[in-house]
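Before any comments, here is the structure.
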Amino acid sequence: PARPDLLRARFDRVLALDNRDRPDDVIAAYEGFRNEEITVPAYVLKVIGDAYMRRRQPEKARAVYEAARADSPGDFQIELGLFYADVESEDFNAAFATIDALAAAEPPNVTVDGRTHPNPVWLQAQLAAARARFYAGDAAEAQSRIEKMLARAPRDIALVSALGSVKEAQDRPRAGGRLVEKAEAI
């Protein structure tokens, strides 16, 4: 068996390769781990899943994210990666289940220094859920979800921009363009 300190160095190398945007080398390192039957921790599997996504291999990414999820259930970034792998695989039922569960797990508000604010993680998950509907061809549902979020966070640039994109895709370029301009001005 490999020494723990050497394994940690190899795992750190994978993270460094990812930081340098070298997905092919990340994938090659993962294949080496698999050939040596080395158990890879969730935080490294997440990076490997991301590398497969950059190489447009969502099925392989999904398998890696699922392994990471088994090792680290409830990890927001792993769940988000799995969601995008499901979307890219056009498995919208799985994508909806993943992102809706992730969005439901987050509280809509957080309290910081005694003041209540919209939870940015909740907003990110809700926006991803709305985008999933858009990707699946349900622009009306995506628009409805985004508009509800905008009622809570009217100055959120990502939400305004997303609504503009949805409207542009619905052959409403003027309305969409105005929203994108509004987002740029925020």
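Note: hydrogens, waters and symmetry copies are ignored here, and every other heavy atom, side chains too, is used.
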So, are [X] and [Y] salt-bridged, with charged N and O less than 4.0 Å apart?
X	Y	answer
E79	K46	no
R3	D5	yes
D25	R13	no
R22	D18	no

Look only at the side chain of [X] and the backbone of [Y], and say whether a donor-acceptor pair between them is shorter than 3.5 Å.
X	Y	value
S165	S161	yes
S89	A85	yes
D113	R115	no
R20	A16	yes
Y65	K60	no

Next on the checklist: If you apply the rule ring-ring contact (aromatic ring centres under 6.0 Å, His included), what do you find for F11 with F33, and how did you get there?
Outcome noted: CA-CA 10 Å; F11 296 150; F33 293 142; 5.2 Å; yes

Checklist entry - With a 3.5 Å cut-off and no angle check, do the side chains of Y43 and D75 form a donor-acceptor pair? => result no

Checklist outcome for this item: Here the gap from E106 atom CD to Q126 atom CD, rounded to the nearest 0.5 Å, amounts to 10.0 Å

Checklist entry - Which atom pair, heavy atoms only, marks the closest approach of I99 to L80? => result CD1-CD1, 3.9 Å

Next on the checklist: Is there a salt bridge (Lys or Arg N to Asp or Glu O under 4.0 Å) between R62 and D91? Walk through the geometry before answering.
Outcome noted: CA-CA 11 Å; R62 186 187 336 202; D91 185 349; 3.0 Å; yes

Checklist entry - Is the number of heavy atoms from other residues, nucleotides or ligands within 6.0 Å of CD (E36) greater than 12? => result yes

Checklist entry - Do other residues, nucleotides or ligands put more than 12 heavy atoms under 6.0 Å from E90 CD? => result no

Next on the checklist: In the structure I gave you, are the side-chain heavy atoms of I48 and Y52 within less than 4.5 Å of one another anywhere?
Outcome noted: yes

Item to check | Test: R133 cationic atom under 6.0 Å from F96 six-membered ring centre, within 45° of axis | outcome: yes

